[in-house]
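Proteins get letters first, then strands, A, B, ... in listed order; numbering begins at 1 in each.
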Amino acid sequence: MLFIKCPYCGIRSQNEFAYGGDATVKRPELNKEISDKEWDDFVYNRKSPRGKHLEFWHHISGCRQWFKVHRDTATHEIFKTLKPHEEL
Amino acid sequence: MQKYSVFNLIKNAFSSHENWEVAWKDPTPKKSYDVIIIGGGGHGLATAYYLAKEHNITNVAIIEKGWIGGGNVGRNTTIIRSNFMHDANGRFNEFSMDLWRNMSQELNFNVMFSPRGIINLAHSDAQMNAYARRGNSMRLNGIDAVLLNREQVKKIIPMADFSEDVRFPIFGGLMQPSAGTARHDAVAWGYARQADSMGVDIIQNCEVIGFDVVGGKIKGVRTSKGDIKANKIGLCVAGSTSILAEKLNMTLPIETHLLQACVSEPIKPLLDHVVTFGAGHFYCSQSDKGEMVMGGDLDGYNSYAQRGNLPTLQHVLTEGIAMFPFLSKLKMLRTWGGIMDMSMDGSPIIDKTHIEGLYLNCGWCYGGFKSTPASGWTFAHTIAQDKVHKLNADYSLNRFSKGYLLDEKGLGTKTWIS
């Protein structure tokens, strides 16, 4: 069981949350010419590291806010949680 | 190689079975090989076997970080099927079925292939329509499919919950009678033994640390047992694909996720088929030892842990009990996890790469076991001929950027939503 500290509600069990994927992926800027490669990287390609991973979670059965979690993908240890606009 | 037969069994009984040959050797790696396969799982072992058998390339090494059969080939729920809707997936997996049917004879190793049939249950009219469509697509590709109504399903699996006042009543199901199961360890061991006998070196406990790439061409690997040269290298490492890709400065349309499975205590023969719950993600069959073998959803977040958490298991077994209420009376014997190379459209990748001599076999998601023989066969062809076979032409790496996705389930890129 993961225990995740929602930045708005505090520590809750994994059951209240939904996963939202890699939080380091940035959508290419609007109104800018972008290559197929940039679009491919945004939509499909992922680093999928073994180790520290910054990812989105959604407190879907709680306050319904999105936030970031810094977590180890090998040990499941959670180092830090952040509000979506905050950087590590 | 010593043949496995009744005659040899009796002969060896006279020496208390102490003089059997080893099934495969434990060689020290040579300085160079014609082909190196990284990953001694089912797909890697099958690739080496077909390289030797179909293409006469025997100067081959398989490099495995752990021990052969210790990864997903020994962790899956052993289901073999080809009930796919898309042509490319149907053709590929039906070719795989053909190889399964003859595998025990071909490998001289009993893989206990049991074509007991799979039933996917439907729980609404809409789902019956979707299954009719899938069944028709399968039949157009020469794959057997039978649409069953509620009464027909009840005759086959009377132990399921056929009450009408439940949340997900059983409306019917889609059956592929020729689908089934096989003993997964035996597949790894059978391929390993035959590959070894044809000259393939199976090098276990040997971790790949890096690659030698010169002028866009692969030249060899650096391993924990020293540098080994080869002009052709095949990556076949399932959930560890992204780790090796990073060493090659490649970013792939793959995320590694965690999948759990479990078995109950053994009970008397009860379930003759593989059955899947249609309103969620749960599948179940009974092993020859009598255990109910069960699996379902991914844990749902990127993970390399090879062990899961309780909430997902609880969720999956809740679905199981909704389908087969008797499961609630059974004790759990074992649970375990494996790491899946989840591709962004749910279909695999078997292709060349931008590095000359480097070949990629990954993206099997949680369905690689059934494809083991076809994956090995087509990957061996791709490596030996340096070009893809028509069976794996659609499993290209650039299909994502080109827009030719093979999204069998229509889930899109959110691989953790299953």
Side-chain angles (χ1 to χ4, degrees), chain A residues 1-6 11-28 34-62 66-81 88, chain B residues 237 239-247 249-258 297-315 318 337 339-346 349 354 362-363 397-405 407 412-418:
Chain A
M1 176 81 82
L2 298 181
F3 289 98
I4 302 171
K5 186 182 170 193
C6 168
I11 288 184
R12 301 293 177 90
S13 90
Q14 171 187 349
N15 295 321
E16 293 188 13
F17 299 90
Y19 186 62
D22 191 334
T24 63
V25 178
K26 291 262 190 303
R27 193 183 202 283
I34 58 159
S35 64
D36 287 355
K37 172 83 173 66
E38 285 174 279
W39 195 245
D40 195 25
D41 282 343
F42 166 62
V43 181
Y44 298 116
N45 293 333
R46 297 289 177 267
K47 289 206 174 72
S48 187
R50 185 182 194 277
K52 289 178 178 174
H53 189 236
L54 189 66
E55 56 204 21
F56 281 119
W57 285 77
H58 186 194
H59 197 180
I60 195 162
S61 302
W66 284 89
F67 60 98
K68 290 178 188 167
V69 176
H70 194 222
R71 187 180 58 92
D72 194 304
T73 59
T75 63
H76 295 170
E77 181 182 358
I78 293 171
F79 305 107
K80 199 175 179 185
T81 56
L88 258 185
Chain B
V237 294
S240 302
T241 302
S242 297
I243 299 174
L244 291 188
E246 193 196 350
K247 297 182 198 299
N249 292 320
M250 290 166 75
T251 312
L252 297 172
I254 300 274
E255 274 186 15
T256 293
H257 282 259
L258 175 60
D297 279 319
L298 293 173
D299 267 39
Y301 41 82
N302 290 49
S303 176
Y304 286 89
Q306 287 191 309
R307 60 185 295 174
N309 272 318
L310 196 57
T312 306
L313 202 58
Q314 196 172 22
H315 171 73
T318 306
I339 54 172
M340 312 291 127
D341 38 339
M342 300 300 296
S343 71
M344 292 287 158
D345 62 357
I349 297 160
H354 71 283
C362 64
L397 179 55
N398 70 2
R399 70 175 184 270
F400 298 93
S401 57
K402 298 282 182 197
Y404 294 112
L405 301 188
D407 198 345
T413 61
K414 303 289 184 281
T415 54
W416 55 85
I417 301 171
S418 43

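A distance of 8.0 Å separates CG in Asn45(A) from CE in Met344(B), rounded to the nearest 0.5 Å. Note: Arg46(A) CZ to Ser242(B) OG = 11.5 Å, rounded to the nearest 0.5 Å. Summarising the geometry, atom OH belonging to Tyr19(A) is positioned 12.0 Å from atom CG belonging to Asp299(B); distances are rounded to the nearest 0.5 Å. Taking CG from Asn398(B) and CG from Asp36(A), the interatomic distance works out to 11.0 Å, rounded to the nearest 0.5 Å. Residue His53(A) holds its NE2 atom at 10.0 Å from OG1 of Thr256(B), rounded to the nearest 0.5 Å.
Your options are Thr73(A), Asp22(A), Thr75(A), Asp72(A), and the one with the most heavy-atom pairs under 4.5 Å with chain B is Thr73(A).
Residue Glu246(B) does not touch chain A at all, counting heavy-atom pairs closer than 4.5 Å. At a 4.5 Å heavy-atom cutoff, the contact between Asp40(A) and chain B is made by side-chain atoms alone. For Thr413(B), the part sitting under 4.5 Å from any heavy atom of chain A is the side chain, from C-beta outward, and nothing else. Within the 4.5 angstrom heavy-atom criterion, no atom of His315(B) approaches chain A. In this structure, the portion of Leu258(B) lying under 4.5 Å from any heavy atom of chain A is its side chain and not its backbone.
Residues Ser48(A) and Ile254(B) come closest through the heavy atom pair CB-O, 3.7 Å. Closest of all the heavy-atom pairs between Arg71(A) and Asn302(B) is NH2-O, 2.6 Å. His76(A) and Arg307(B) get closest at one heavy-atom pair: CE1-O, 3.9 Å.
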> Hey, mind stepping through Ser401(B) and Lys37(A) against side-chain contact (heavy atoms from CB on, under 4.5 Å) and telling me if it holds?
Replying inline: CA-CA 7 Å; Ser401(B) 57; Lys37(A) 172 83 173 66; over 6 Å; no
>> Evaluate Met1(A) against Leu310(B) for side-chain contact (heavy atoms from CB on, under 4.5 Å), listing each step before the verdict.
In response: CA-CA 6 Å; Met1(A) 176 81 82; Leu310(B) 196 57; 5.7 Å; no
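Below 30°, between 30° and 60°, or above 60°: for Tyr301(B) and Trp57(A) the angle between ring planes is between 30° and 60°, a tilted geometry.
Here the rule is side-chain contact (heavy atoms from CB on, under 4.5 Å) with Tyr44(A), and of Leu405(B), Leu252(B), Thr251(B), Asp345(B) only Leu405(B) fits it.
Crowding of Tyr404(B) atom OH: a count of heavy atoms from other residues, nucleotides or ligands under 6.0 Å not exceeding 12. Counting non-hydrogen atoms of neighbouring residues, nucleotides and ligands closer than 6.0 angstrom, the NZ atom of Lys247(B) exceeds 12 such neighbours.
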